[in-house]
4 protein chains.
Amino acid sequence: MADQVEDLTGSCAKPQRRSIGAKRNPATEEAILGAAQEILRDKGVKGLSMEAVAKRARAGKATLYKWWPSRGALLVAVYERAKGEHVHEDKGTLIATMAAFYRYVFDFWRTAEGQVFALIIAEAQSDADVAEALERYRKERLVALAEVVDRSQARGELIEGAQAEALAETIMAAAWMRLITGRLDSDPERLAHEVLDGWMVGNR
Amino acid sequence: MADQVEDLTGSCAKPQRRSIGAKRNPATEEAILGAAQEILRDKGVKGLSMEAVAKRARAGKATLYKWWPSRGALLVAVYERAKGEHVHEDKGTLIATMAAFYRYVFDFWRTAEGQVFALIIAEAQSDADVAEALERYRKERLVALAEVVDRSQARGELIEGAQAEALAETIMAAAWMRLITGRLDSDPERLAHEVLDGWMVGNR
Amino acid sequence: MADQVEDLTGSCAKPQRRSIGAKRNPATEEAILGAAQEILRDKGVKGLSMEAVAKRARAGKATLYKWWPSRGALLVAVYERAKGEHVHEDKGTLIATMAAFYRYVFDFWRTAEGQVFALIIAEAQSDADVAEALERYRKERLVALAEVVDRSQARGELIEGAQAEALAETIMAAAWMRLITGRLDSDPERLAHEVLDGWMVGNR
Amino acid sequence: MADQVEDLTGSCAKPQRRSIGAKRNPATEEAILGAAQEILRDKGVKGLSMEAVAKRARAGKATLYKWWPSRGALLVAVYERAKGEHVHEDKGTLIATMAAFYRYVFDFWRTAEGQVFALIIAEAQSDADVAEALERYRKERLVALAEVVDRSQARGELIEGAQAEALAETIMAAAWMRLITGRLDSDPERLAHEVLDGWMVGNR
DNA sequence: TCATAAGCGAGACGGTACGTCCAGTCTTACG
DNA sequence: CGTAAGACTGGACGTACCGTCTCGCTTATGA
């Protein structure tokens with residue numbers, strides 16, 4: 001006990017955030033999310049407990065639970081902070097654009113921060129709040145994807161029966177499937193073809 | 001806590017399985033998997049701890065760990081025991097067959113036992129053994145699905161470029177996507193169309 | 001976190017008590033009470049938290065709570081273990097005997113272990129179980145004291161109206177009063193006189 | 001938690017004391033001590049935390065700590081405020097007077113506010129400031145009691161050897177003993193006799 | 001036939017993390 | 001400067017499971 005205290009004061013002369021009055025301290029939020037990210041990198045997702053995050057961030061557990069009432073909520077926050085806002089750069093054809101998209105997300109999901117997304121999906125299976133957040137996120141991404149498909153459709157790339165949103169979901173599902181079954185090494189190009197070829201006008 | 005005590009005294013007046021010598025007691029396995037299933041029904045997936053299963057089954061924890069070395073392994077066993085072996089009955093067209101398949105799995109996944117599958121996916125994200133079991137299961141189901149697609153292809157339903165296995169995976173992905181995002185109320189018929197229409201020969 | 005583990009394994013190669021089957025391990029009880037005593041000596045009563053005891057004893061908190069369901073219960077156990085069974089040695093007169101008694105308890109209450117008794121009294125004010133244990137203890141000691149008074153009465157030392165038990169309680173109360181008001185440096189001899197003189201036959 | 005919210009909305013529609021400039025606001029002190037008393041009545045001594053008092057009084061915690069630097073200090077203040085200043089009314093004989101005294105304090109100690117005194121004794125065992133306050137209080141009451149004994153002695157009720165202050169302490173000790181061992185239902189009359197008979201001149 | 005090897009129920013054990021509570025310190029914004 | 005508000009670190013609380021262990025018992029098998 002005494003040892004630990006000594007260790008702490010001995011090993012790190014951290015600046016020790018304090019309250020900034022009766023309002024949320026952004027530095028604290030920053031420190032906590034940062035700590036979560038560090039732990040992810042160092043220990044992996046299994047090490048990411050509320051306890052560990054609090055300790056690493058030198059934050060009280062109560063503070064964590066105040067702002068992120070569950071592990072799931074924290075996961076979502078960490079993911080939100082880490083994920084770059086991917087914009088679907090138009091590569092000329094839908095297939096190429098989607099291949100680039102697959103390449104991007106697979107690369108990201110392989111990073112320490114990206115792995116959080118798999119965790120979020122996992123957590124969503126038993127935490128309704130996370131499920132809701134995940135669903136929100138899915139819809140948001142769906143819209144972005146559907147837009148790309150829409151543009152492709154406008155260009156006349158797609159067959160008549162194609163519905164942008166339905167196709168967008170099929171595209172997403174293929175990616176998520178690779179994620180949850182640990183096959184992020186799949187070839188993005190090939191995958192794009194496997195998912196989309198049927199819908200392209202060329203292949204009658 | 002009180003529940004557990006009641007459960008113990010209520011459900012059994014000490015039938016007390018014992019060892020049947022130096023070999024695995026099938027009654028024990030049965031009791032454990034049965035207990036797991038009961039807990040799933042009564043308390044939901046959150047209540048399914050090794051501890052609780054052992055208590056409910058009146059089994060020693062060591063026995064559990066001997067045969068199912070982790071929660072994940074137990075989950076898989078419970079799922080294996082519960083899932084009926086779905087055979088893809090040919091409905092004439094691929095779309096109809098797949099619609100029936102979607103209807104079947106969505107119905108099953110909504111049952112207490114079926115919910116275990118979502119849990120397995122969740123567990124697979126952090127338990128390599130479960131991931132492996134899941135991957136084995138995926139491949140097995142993929143083969144079964146691909147066969148159906150193959151038959152459809154032989155009938156000339158599908159366009160030229162269609163690859164049975166790739167299409168099968170797309171079909172699966174669509175289902176799993178609905179599962180993990182909690183949309184098992186999706187319309188199977190519609191979904192089958194959304195996934196497959198592009199690949200059918202009719203829609204050039 | 002990792003640091004702590006390393007520290008623990010590094011600094012002490014303790015024998016690590018294990019379960020000895022489905023029954024209480026006496027070594028564990030010993031280790032826990034011993035740890036409690038050590039903490040008392042090192043950090044004083046304020047440091048005696050369940051947490052600290054568990055840590056020092058290298059015992060799980062659950063183990064502590066299993067056998068001593070509250071801090072109070074642990075305190076009582078520590079006290080029971082530490083207190084010598086004082087036998088009232090007859091010094092010839094009641095006054096002398098009681099003076100010796102006062103000297104003995106005051107000396108004991110000043111030791112680290114003895115200080116626990118004050119804590120028990122404190123805890124008894126808000127923990128019914130401790131209150132009960134304290135009351136049991138009081139009665140037990142009362143009987144022992146009353147016997148001494150009885151013998152004195154039999155010798156004709158006491159005036160007629162004296163009731164052994166009532167007098168015994170007065171004697172105890174005087175001691176406890178000094179304890180809870182932190183005046184254990186009172187002169188035992190003098191105190192014995194102040195409490196008893198009125199009841200002795202000499203002082204008409 | 002819910003209770004507190006209800007309390008807040010229930011008891012006050014934001015009367016909201018404010019600073020009255022660079023000096024102590026008596027209304028605040030009043031509100032705080034009042035809140036403490038209310039909590040005592042509603043939740044008992046266990047609910048009396050600085051946090052809860054601040055909430056109920058709609059006072060900042062800083063304000064509490066400014067005027068009462070510890071829980072102990074607050075307890076003492078609450079007790080000081082609640083206890084009536086008992087004046088020992090002369091009942092003719094010392095025994096009768098003391099019986100009345102015992103009856104009075106036992107009755108008081110049984111009230112919600114009176115229970116604080118037991119808490120103060122408890123707190124005094126580990127908080128030096130409270131111990132000091134308690135000791136001050138003890139001495140003050142001792143003087144008052146000794147005066148009564150003195151008057152009795154002057155009337156010739158007591159035997160020669162009796163020392164007013166020593167006897168007063170014995171009288172107090174008997175009362176405190178009943179308090180800390182939860183026997184406030186003791187018969188005051190009887191107790192007075194048990195403590196004092198030996199010292200009265202009648203009983204030679 | 002009887003030792004021995006395993007299966008089994010039971011549950012204690014050291015641990016980790018949980019989510020809650022409170023202590024005591026601090027800052028802001030208002031008066 | 002006093003005050004209400006409440007965020008903050010820190011740490012103990014008591015609980016729930018984890019996975020490992022040992023006990024004492026049972027039964028089948030092979031020496």
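Predicted model only: the values in this text are computed from it and were never measured. Chain A is the first sequence line, chain B the second, and so forth, proteins listed ahead of strands; every chain is numbered from 1.
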### Task
Just call it for B/A62: base, sugar-phosphate, or nothing, with non-hydrogen atoms closer than 4.0 Å on any strand.
base
Per side-chain contact (heavy atoms from CB on, under 4.5 Å), D/V53 is matched among D/V78, D/I39, D/L40 by D/I39
| task | Answer yes or no: does a side-chain N or O of C/R18 lie under 4.0 Å from OP1 or OP2 of E/dA12? | result | no
Taken to the nearest whole Å, CG/A/L64 to C1'/F/dG11 is 15 Å
Discussion item. Check this for me, if you would: do B/R56 and B/D42 make a salt bridge, where the nitrogen-to-carboxylate-oxygen distance has to be below 4.0 angstrom?
Written reply: yes
Legend entry - Stepwise side-chain contact (heavy atoms from CB on, under 4.5 Å) check, C/V130 with C/L75: CA-CA 9 Å; C/V130 179; C/L75 285 176; over 6 Å; no
Which of F/dG10, F/dC18, E/dG14 is nearest the side chain of B/Y65? It is F/dC18
Exercise. Closer than 4.0 Å, any side-chain N/O of B/T63 to the OP1 or OP2 of E/dG9?
Worked result: yes
Atom CZ of A/R56 and atom P of F/dG10 are separated, to the nearest Å, by 15 Å
Any A/R71 side-chain nitrogen or oxygen under 4.0 Å from OP1 or OP2 of E/dC18: no
The residue, D/L48 or B/K23, whose nearest nucleotide of DNA chain E is more 5′ is B/K23
From the candidates E/dT27, F/dG10, F/dC8, the one with an atom nearest any side-chain atom of A/I20 is E/dT27
C/K46 NZ to F/dG10 C1', in whole Å, measures 16 Å
Can a cation-pi geometry be assigned to C/R24 and C/W68, taking NZ or CZ under 6.0 Å from the six-membered ring centre and within 45° of the ring axis? yes
Side-chain atoms of D/E51 come closest, of E/dA23, E/dC18, E/dG15, to E/dA23
Legend entry - Carboxylate-amine/guanidinium contact A/E29 A/R81, below 4.0 Å: no
Between CD of D/E30 and C1' of F/dG2 the distance, given in whole Å, is 18 Å
Closest to the 5' end of DNA chain F, once D/K66 and A/S19 are matched to their nearest nucleotides, is D/K66
Whole-Å distance, B/W68 CH2 to F/dC17 P, equals 19 Å
Are any of C/S70's side-chain N or O atoms less than 4.0 Å away from OP1 or OP2 of F/dG14?
no
Result for 5'-nearest mapping on DNA chain F, choosing between B/M50 and C/K61, is C/K61
- prompt: Is any side-chain nitrogen or oxygen of B/W67 closer than 4.0 Å to OP1 or OP2 of E/dG7?
  reply: no
- Could you walk me through whether A/V116 and A/L48 pass the side-chain contact (heavy atoms from CB on, under 4.5 Å) check? CA-CA 10 Å; A/V116 177; A/L48 194 74; 5.7 Å; no
C/R24 atom CZ is separated from F/dC23 atom P, nearest whole Å, by 18 Å
note: A/L74, atom CG; E/dA17, atom C1'; distance rounded to Å ~ 14 Å
Taken to the nearest whole Å, CG/B/N25 to P/F/dT27 is 11 Å
* E/dA17 base / A/S49 side chain donor-acceptor hit below 3.5 Å -> no
